[in-house]
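Notes follow once the structure below has been shown.
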Amino acid sequence: MRIREISCTGLRGGTPEGGWSRELRPEDCVHTLVAVHTHEGLMGVGSAFTNDGLVRAALSVLRPLYEGESALEPERVSEKLHQHTFWMGRGGAITHAISGIDIALWDILGKATGQPVGRLLGGRYRDRVRPYASLLADEPPRLSEHLLALREQGFTAFKIGWGPFGRHSGALDEAIVRGARDAVGEGSLLMVDAGGSDAFWARDRRWAHRTARMLATFDVAWFEEPLRPDDLEGYAELRGRSPVPIAGGEVLTRRQSFAPWLRAGALDVVQPDSTKVGGLSESRRVGWMAEESGARLVPHGWNTAVGLAADLHLASALPDTDLVEYKTGSPYIDDLAAGGWRLDSDGMLAVPEGPGLGLELDREALARYGNERLLAPS
Ligand SMILES: [Mg+2]
């Protein structure tokens with residue numbers, strides 16, 4: 001089975017706020033769907049966390065490398081694309097685009113063999129995964145209302161972050177976390193994300209240490225991105241002394257970038273984004289590297305329904321990955337999956353059983369936010 005063509009479509013019109021200091025507008029495109037088409041007619045879909053203009057440019061650079069290649073060897077073909085573009089945007093737009101191609105190739109391999117992707121990634125350690133509801137932090141009364149509504153929907157794990165948290169005062173930070181803990185209850189999992197990869201993040205290591213101690217009093221399950229994303233030494237020092245686990249790595253791409261972080265013991269939880277790090281081939285390897293370094297992988301999932309399906313399969317294939325991030329309030333997650341996502345009575349999501357990613361795109365939503373020709377380009 002050979003690759004005939006790769007198409008893509010940017011998603012715009014429903015882009016949710018990201019909490020960035022220069023906030024996203026609904027019409028901004030930061031997620032692009034990718035489809036790999038074969039001569040035999042099978043097709044796979046992937047997702048790339050970047051703008052469609054960059055994906056289109058990357059595809060034109062990559063085309064001579066993928067045209068006519070096997071559509072049934074995702075890891076080898078993705079590695080070929082990485083290796084031959086070493087001098088061309090490595091870690092950036094090229095890597096983001098390869099992420100989408102890689103996920104689509106796993107989808108094709110699953111469809112061709114009649115197996116769910118998670119089984120092909122090595123085997124299923126679990127059939128269900130606990131999704132944590134991910135939302136932007138807000139002033140306490142509004143945040144509580146939002147959390148209560150999500151709890152009502154069946155979620156049992158929550159992450160608040162960005163927004164005002166870490167941007168004003170220690171008193172407000174504490175009020176936000178206290179309100180959140182009260183809203184979700186003692187038995188729920190609660191995580192806090194400072195969003196240190198925001199532009200010009202201004203809080204220092206002292207703030208991170210102080211805040212980690214405050215979070216421990218509210219039984220917070222992890223403290224995410226408390227420092228600037230390149231401050232490896234600061235993370236290693238913080239993790240050594242923090243009473244709560246430290247999470248990060250959502251902006252890192254390529255498995256090679258995670259190696260020094262894991263060697264330094266800088267993180268308890270590594271959070272590669274499969275739609276950016278290099279796809280499932282790459283995040284699976286990061287997951288096993290983490291496993292052997294005393295850390296664990298919980299995927300960054302602020303992306304699309306395709307990314308969520310990929311994360312469910314990834315989580316099924318890693319022994320310690322029992323959570324996925326569920327970005328709430330995004331039509332790219334909720335509406336793009338035909339039939340939507342359903343939490344069971346325990347607040348869990350089933351790992352799709354069908355072949356490939358086991359995801360069908362909702363054509364109407366695809367036409368609304370992207371271009372239907374993704375699925376039948378010529
Ligand atoms: Mg984050």
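- The pair Arg284-Glu75 meets the salt-bridge criterion, since a charged nitrogen lies less than 4.0 angstrom from a carboxylate oxygen.
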Exercise for the section: Apply the test side-chain contact (heavy atoms from CB on, under 4.5 Å) to residues Leu135 and Leu147: give CA-CA distance (whole Å), side-chain angles for both, the deciding distance (0.1 Å), then the verdict. Expected result: CA-CA 9 Å; Leu135 61 151; Leu147 285 165; 3.7 Å; yes

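- Taking 4.5 Å as the limit, some side-chain heavy atom of Leu308 sits within range of a side-chain heavy atom of Val324.
- Contact of the Trp106 side chain with the Leu121 side chain is registered, since non-hydrogen atoms from C-beta on lie closer than 4.5 Å.
- Between Ser21 and Phe200, every side-chain heavy-atom pair lies at or beyond the 4.5 Å cut-off.
- Legend: residues meeting side chain to side chain contact (heavy atoms under 4.5 Å, CB included) with Arg124, ordered by chain and number and at least two apart, are Pro116, Arg119, Asp127, Ser316, Val351, Glu353.
- With a 6.0 Å radius and a threshold of 12 heavy atoms from other residues, nucleotides or ligands, Glu152 has its CD atom at or below the threshold.
- Donor-acceptor pairing under 3.5 Å is lacking for the side chains of Asn303 and Ser47.
- Atom-to-atom distance recorded for Leu312:CG and Arg126:CZ is 11.0 Å, nearest 0.5 angstrom.
- Not a single donor-acceptor pair under 3.5 Å links the side chain of Thr211 to the backbone N or O of Ala208.
- Few gaps surround CZ on Arg76; more than 12 heavy atoms of other groups in view lie less than 6.0 Å from it.
- Annotation: Glu233, atom CD; neighbour count of heavy atoms from other residues, nucleotides and ligands within 6.0 Å does not exceed 12.
- For Thr85 (side chain) and His82 (main-chain N/O), a donor-acceptor pair under 3.5 Å exists by modelled atom type.
- Here the straight-line distance linking atom CE of Met289 with atom CD of Gln256 works out to 8.0 Å at 0.5 Å rounding.
- Ion pairing between Arg239 and Asp268 holds under the 4.0 Å rule for side-chain N and carboxylate O.
- Of the possible donor and acceptor atoms, none in the side chain of Asp107 sits under 3.5 Å from a partner among the backbone N and O of Gly356.
- Ionic pairing of Asp52 and Arg12 is present here: one or more N-O contacts between side-chain nitrogen and carboxylate oxygen are shorter than 4.0 angstrom.
- One N or O on the side chain of Tyr332 and one on the backbone of Gly14 form a donor-acceptor pair closer than 3.5 Å.
- The shortest heavy-atom contact between Leu357 and Ala310 is CD2-CA, 4.0 Å.
- For Arg296 and Glu291, the salt-bridge test fails: no basic side-chain N is under 4.0 Å from an acidic carboxylate O.
- A 4.5 Å side-chain heavy-atom check between Val192 and Lys159 finds every atom pair outside the cut-off.
- In this structure, the side chains of Gln271 and Leu252 stay at 4.5 Å or more apart for every pair of heavy atoms.
- Within the 3.5 Å criterion, the main-chain N or O of Gly195 finds no donor-acceptor partner in the side chain of Glu224.
- Taking CG of Asp320 as the start and CG of Leu297 as the end, the distance is 10.0 Å to the nearest 0.5 Å.
- Within the model, atoms CZ of Arg151 and OG of Ser188 stand 5.0 Å from one another, a figure rounded to the nearest 0.5 Å.
- A donor-acceptor contact shorter than 3.5 Å is absent between the side chain of His300 and the backbone of Asp273.
- Under a 4.5 Å side-chain heavy-atom criterion applied to ILVMFWY residues, the cluster that includes Leu189 comprises Tyr132, Met191, Trp222, Val269, Val298, Leu323 as well.
- Panel note: side chain Ser7, backbone Leu374; a donor-acceptor pair is recorded below 3.5 Å.
- Heavy atoms from other residues, nucleotides or ligands lying under 6.0 Å from CD of Glu360 number 12 at most.
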Practice task
Take Trp207 and Trp201 through the ring-ring contact (aromatic ring centres under 6.0 Å, His included) test and state the conclusion after the steps.
Solution key: CA-CA 12 Å; Trp207 175 85; Trp201 175 248; 5.6 Å; yes

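- For Gln153, there are no side-chain hydrogen bond (donor to acceptor under 3.5 Å, both in side chains) partners two or more places apart in sequence or in a different chain.
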Problem - Phe49/His31 under ring-ring contact (aromatic ring centres under 6.0 Å, His included): CA gap, chis, key distance, verdict - result: CA-CA 5 Å; Phe49 192 148; His31 297 291; 4.4 Å; yes

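- Looking only at side-chain heavy atoms (C-beta outward), Thr32 and Asn51 stay at 4.5 Å or farther from each other.
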Problem - Residue pair Lys80, Glu73: steps toward the salt bridge (Lys or Arg N to Asp or Glu O under 4.0 Å) verdict - result: CA-CA 11 Å; Lys80 173 186 172 186; Glu73 299 177 15; over 6 Å; no

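- By the 6.0 Å and 45° rule, Arg255 does not stack over the aromatic ring of Phe258.
- For the 3.5 Å distance criterion, the side chains of Asp28 and Thr15 fail to qualify, holding no donor opposite an acceptor.
- Classification of Glu5 and Arg63 as a salt-bridged pair fails, no side-chain N sitting under 4.0 Å from a carboxylate O.
- Within a 6.0 Å radius of CD in Glu23, more than 12 heavy atoms belonging to other residues, nucleotides or ligands are found.
- Between the side chain of Arg2 and the backbone N or O of Gly68, at least one donor-acceptor pair lies under 3.5 Å.
- Between the side chain of Arg263 and the backbone N or O of Trp261 there is no donor-acceptor pair closer than 3.5 Å.
- Put simply, the residue from Thr9, Asp362, Asp335 that forms a side chain to side chain contact (heavy atoms under 4.5 Å, CB included) with Tyr369 is Asp335.
- Side-chain contact annotation: Ser99 with Thr275, donor-acceptor N/O pair under 3.5 Å absent.
- Checked for salt-bridge contact, Arg254 and Glu282 miss the test: no charged N lies under 4.0 Å from a carboxylate O.
- In this structure, the side chain of Arg228 does not engage the main chain of Glu225 through any donor-acceptor pair within 3.5 Å.
- Heavy atoms of other residues, nucleotides or ligands lying less than 6.0 angstrom from CD of Glu372 number more than 12.
- No side-chain heavy atom of Pro131 sits under 4.5 Å from any side-chain heavy atom of Trp341.
- Taking OG1 of Thr38 as the start and CD of Glu69 as the end, the distance is 13.5 Å to the nearest 0.5 Å.
- Note that CG of Asp344 is 4.5 Å distant from CZ of Arg128, once rounded to the nearest 0.5 Å.
- Neither side chain, Thr253 nor Thr95, offers a donor N or O lying under 3.5 Å from an acceptor on the other.
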Handout entry: Step-by-step salt bridge (Lys or Arg N to Asp or Glu O under 4.0 Å) determination, Arg167 to Asp173
Key = CA-CA 8 Å; Arg167 274 87 173 157; Asp173 291 347; over 6 Å; no

